[in-house]
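Take a look at the structure below.
Proteins get letters first, then strands, A, B, ... in listed order; numbering begins at 1 in each. For clarity, every value in this text was computed on a predicted model and none was experimentally measured. Below, each value reflects all heavy atoms present in this structure, side chains not excepted, and no hydrogens, waters or symmetry copies.
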Amino acid sequence: MKELELIMSEMPKTYEFKGTEERLYKWWEESGWFKPEVRPADAKPYVISIPPPNVTGQLHSGHALFATLEDLMIRRARMQGRAALWVPGTDHAGIATQLQVEKMLRDEGTSREEVGREEFLRRTWEWKEKYGGRITTQLRRLGASCDWDRERFTLDEGLSEAVAEAFIRLYRMGLIYQGEYLVNWSPGLQTAVSDLEVEYTPENGFLYYFKYPLKGGGHIEVATTRPETILGDTAVAVHPDDERYTEMIGKTALVPMLNREIPIIADTYVDMSFGSGALKITPGHDPNDFEIGQRHGLEIINIMNKDATMNAEAGPYAGLDRFECRKKLWADMEEAGLTVGKKDHELSVPRSQRGGEVVEPLVSRQWFVDAKPMADMGLAAVRNGRVKIVPERFNKVWENWLTNIRPWCISRQLWWGHRIPVWYVNGDYDQPIVARNEADAYAQARKLHGEGVTLEQDPDVLDTWFSSGLWPFSTLGWPEETADLQRYFPTDVLETGHDILFFWVARMVMSSLMFTNDIPFHTVYLHGLVRDEKGRKMSKTLGNVTDPLEVMDEFGTDALRFTLVTGSTPGNDMNLSLTKVESNRNFANKIWNMARFIVSNMDKVSKDEKPDVPTYTAADQWILHRLQQLIKNADRLCDNYLYGEAGRQINDFMWNDFADWYVELAKVQLNEGGARAWTTMSVLFRVLDSCLRLLHPYVPYVTEETWGQVKGALLAADLGIEPAEGWSEALIIADWPQVEQSWLSATASRAADDFEQLREMVRSIRAARADANVEPGKRIKALIAAGDKLSFYEEQAGILASLARLDEAELEIAADLEAPEKVVTLALGAVSCYLPLAGMVDLSQERARLEKELAEIEQERERLAKLLAGPFAERAPAAVVQKERDKFANLEAQAEQVKERLATL
RNA sequence: GGGCGCGUAGCUCAGCUGGUUAGAGCGCACGGUUCACAUCCGUGAGGUCGGGGGUUCGAGUCCCUCCGCGCCCACCA
């Protein structure tokens, strides 16, 4: 018993998350509980691949959300006995990382170009070693139970091999090709970017109207939003049906200021009603014009350098920046009398998702993936249900994107990334050698060209998403047939933000089907964006960014986690509010204090009093009944990925049923001593134990800590009480609670219903007391006409007295009894409670109150009478009808009570 | 142009397969320190679930339509 006291004395009044979190995480990790091997070799695996955060990243609320949700899934699966494996890792994030290192070099007064590629890569690796661990450390703080021994990085040797393998396979299948096409060019970053990396923003600009002089006199009016591209025009197009221009077709126009001759052509693409109805064609700088150019065999003129300054093709404008050129050219044309005017026009400006600079469509030699065949496989996988998307509505988005998939530009003119596994022999760029490595490339080259060849590797690297697309299987060892790959692939759930459905999810599904001939995961769970409490996007400029690290410092990890999960529904954005985090911090403390209560009462119980067959009070049955309902519901909700709702229900049960009611009446039952106390303690423990298990995936720290304390105390007290599932070393590896059907039986349900009525009575008495301004501490007299519930109320007298502050000595309970005149009457179904609030009951007031109550009851009674007399009774399911009938009967009885009482007044 | 989401109490949001008296947290009002917790307890006020129509015995929940807000995709020179 000394030991028990010690445990209690070591439990502070408020839950202290500070040292606890770190201590528990360390314990879990060192004990190997994050590893799937903690379960037997024949356990069914449950696998999640982490969406790899950027190595350079700092934890933000988006990470916090995904980490919480995935950890929740993993922890629950682990408790359900699955071999749970959460594969962690980071992404090299080509552009983002390169930019960071470039900035560092700039600060040192040098640059990428100056130090050279080799040195630059060395510096970047150095940077990665230094900061790469930051994000994973931060994930640990969130409680993420990843198997860190299996951590991967997209530029790891193994993953790089996977990338080369994937490239080679696609190349051999003819799905990867190189070509000169119009791509989105980022002049600042000096690289191509994919369509997905371009964002269009509406901006104010102008529509410039000008004259295209014709050879031999006259002109045709044309409109453009980007005058500088005039210099690259290779045609003017009109609609073939446009009568205004019929005669012009076939004539020759002269490019303003350059006087280059270009044809006037006809193409149905032209919208007759827009602008002047004539369209200038710049195949080198506009995607639509590029296509029109292809159709008509037009020349492609590139007028820009890679840094978006004008090149020699721009004649006198060479060397100017694109925007300066726009101004200068227009001014010159004005002077030459070639302009008509400009109108305000809203533009849709393509900007780089990274730097925000204006992206320029530019023709360049790039590598592409023809994604069509893979896209078809991806479409089929979702259509036939092999891959399920939660929420389902994203199927439509999936369908739409994959059916309209376009070639994916995978080459990037960066240095940080997977170098394209292609070599050129003796400077011949038209016959690339595709190989796993340089040695291989040499061997191939020698075979083809004999000795003495010089090789040059393609300078480009691959789009970051090319390697992330292989993530679920490359992290498990693919292309090697490793044991991990065999056991843990395909994975189970892929949880991520809906904003990277195309970038990442679609590409994983496509490459997995292509390379492993299997789906990468059976379920895609998409969460929304985390916004600020007013629903605005978090941004540094707005200054409304909530730093999860600070939140954890102030309120604890559990509070943040619970807020994120209970505040979100699949696919929808969520607003993160600190007041919620605060109230969830309070919840953690509440849990802690339930445990303190239980531990501090253990000395009232003795093992010797343990009954052979415990008898349960109505309250015991009520709470156990409710607990089973909770477990059942929570399970169903979690199985359907409705974690938020499940969490809210557990919270609600623990606070409003267990703490506010059962714990209160357990105080009475414990004081009765003997077997009653023992049974009560066992129920208290049982409910808490189950709740902690249910809650552990949500709030792992406070539940583990609490569970450990209670376990220690219970073992020290030696009461012969233990969990139905037995003790385990830690909650993290304990069993998920099972529903005990016996508590859902008809008998148990009836007992629970009786108790619900008692609860109602307590509430009514409290309200009546407040109404009459009775001193809070004052014990008052009460009379109860219990009818056929007599024995139940007699049994509950102590509890009733305690909860409603009644004077137990003066509590009169009978089947039927004469009410004194001056009382407040409370009708609860067929049961009445009379409160003789001495000197406080005004008869006329009481009459008025009762009349009002009767009116309300009658109104409801009539509503139900009507309902039950109508078609409802025949058409609605029997159970639903019965429920209403019971309600009606109850109201009838209640009305009777009130009427009777009114009659005597 | 196509697609999607949201609109529920003063604020921020739940409401799962339609079940008949719509919930929570915060805020507000009133009242409470005896030994789990003031990061607490009790009582209470507050909503015609954006408007209209429909399906149904029954609609916050399903369908149509309109209004307002937001997002995604896509060719607007």
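B:U61 makes up no base pair with any nucleotide shown, lacking Watson-Crick or G-U wobble contacts both under 3.5 Å. Of the nucleotides present, none pairs with B:U55 by Watson-Crick or G-U wobble criteria with both distances under 3.5 Å. Pairing partner, B:C69: B:G5, with both Watson-Crick or wobble hydrogen-bond distances short of 3.5 Å. Across every strand in view, B:G31 sits in a pair with B:C41 that passes the Watson-Crick or G-U test at under 3.5 angstrom. Under the Watson-Crick and G-U wobble criteria, each requiring two contacts below 3.5 Å, nucleotide B:G47 is left unpaired. Under the Watson-Crick and G-U wobble criteria, each requiring two contacts below 3.5 Å, nucleotide B:C11 is paired to B:G25. B:U17 makes up no base pair with any nucleotide shown, lacking Watson-Crick or G-U wobble contacts both under 3.5 Å.
Side-chain proximity of A:R863 to B:U21, B:G32, B:C4: nearest is B:U21. Checking B:G15, B:C37, B:G19 against the side-chain heavy atoms of A:A876 singles out B:G19 as nearest.
Cation-pi check for A:R507 over A:W408 is met; the charged atom lies under 6.0 angstrom from the ring centroid and within 45 degrees of its normal.
Residue-level contact check: A:H285 touches neither bases nor backbone, having no heavy atom under 4.0 Å from any strand. Among the heavy atoms of the strands, none lies under 4.0 Å from A:K866. Across all strands shown, A:R585 has heavy atoms under 4.0 Å from base atoms, whether or not it also approaches the sugar-phosphate. A:V270 comes within 4.0 angstrom of a nucleotide base, judged by non-hydrogen atoms across all strands. Within the nucleic acid shown, A:F394 has no heavy atom closer than 4.0 Å to any nucleic acid atom. Residue contacts for A:W661: at a heavy-atom cut-off of 4.0 Å it reaches no nucleic acid atom on any strand shown. Across all strands, A:S348 comes closer than 4.0 Å to no nucleic acid atom at all (heavy-atom distances). Nucleic acid contact for A:A659: base, since at least one base atom lies under 4.0 Å from a heavy atom of the residue. Nucleic acid contact class of A:K13 (heavy atoms, under 4.0 Å, all strands): sugar-phosphate only. Within 4.0 Å of A:K580, counting heavy atoms only, lies at least one base atom of the nucleic acid. Nucleic acid contact for A:R406: sugar-phosphate only, since backbone atoms but no base atoms lie under 4.0 Å from a heavy atom of the residue. Heavy atoms of A:R763 sit under 4.0 angstrom from primed sugar atoms or phosphate atoms, though from no base atom. At the heavy-atom level, A:D660 lies under 4.0 Å from the strands shown only through sugar-phosphate atoms. A:E874 comes within 4.0 angstrom of nothing in the nucleic acid, heavy atoms only.
Residue A:S600 places none of its side-chain N or O atoms closer than 4.0 Å to OP1 or OP2 of B:C35. Dashed line: the shortest gap from a side-chain N or O of A:K778 to OP1 or OP2 of B:G32 is not under 4.0 Å. For B:G25, the OP1/OP2 oxygens have no side-chain nitrogen or oxygen of A:N584 closer than 4.0 Å. For A:W655, no side-chain nitrogen or oxygen approaches OP1 or OP2 of B:U39 to under 4.0 Å. Checking the phosphate oxygens (OP1, OP2) of B:C4, no side-chain nitrogen or oxygen of A:H498 falls inside 4.0 Å.
Atom C1' of nucleotide B:C73 and atom NZ of A:K396 are separated by 13 Å, given to the nearest angstrom. One interatomic measurement links the two molecules: CG of A:D603 to P of B:A36, which rounds to 11 Å at whole-angstrom precision. One interatomic measurement links the two molecules: CD of A:E392 to C1' of B:U17, which rounds to 13 Å at whole-angstrom precision. Rounded to an integer number of Å, the gap from A:L867 CG to B:U56 P is 17 Å. Put simply, CG on A:N586 is 11 Å from P on B:A38, counting in whole angstrom units. Rounded to whole Å, the distance from NZ on A:K632 to C1' on B:U17 is 14 Å.
Ring geometry for A:H498 versus A:F394: interplanar angle under 30°, hence parallel rather than tilted (30 to 60°).
At a cut-off of 3.5 angstrom, the base of B:A36 holds at least one donor-acceptor pair with the side chain of A:E664. A donor and an acceptor atom sit less than 3.5 Å apart, one in the side chain of A:R805 and one in the base of B:U34.
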* Derivation and outcome, salt bridge (Lys or Arg N to Asp or Glu O under 4.0 Å), residues A:E21 and A:K18 -> CA-CA 6 Å; A:E21 297 184 354; A:K18 279 206 162 106; over 6 Å; no

* To do: Kindly indicate, with the supporting measurements, whether the criterion salt bridge (Lys or Arg N to Asp or Glu O under 4.0 Å) is fulfilled by A:E853 and A:R849.
  => CA-CA 6 Å; A:E853 197 182 333; A:R849 196 184 65 81; 3.6 Å; yes

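Neither side chain, A:E221 nor A:S276, offers a donor N or O lying under 3.5 Å from an acceptor on the other.
Crowding of A:E399 atom CD: a count of heavy atoms from other residues, nucleotides or ligands under 6.0 Å exceeding 12. Summarising the local packing, NZ of A:K887 is surrounded by more than 12 heavy atoms from other residues, nucleotides or ligands at distances under 6.0 Å.
With RNA chain B read from its 5' end, the first of the two nearest nucleotides for A:V663 and A:S583 is the one closest to A:S583. Mapping A:N633 and A:L279 onto RNA chain B via the closest heavy atom, the residue that lands nearer the 5' end is A:N633.
A centroid separation of 6.0 Å or more is found between the aromatic rings of A:Y701 and A:F17.
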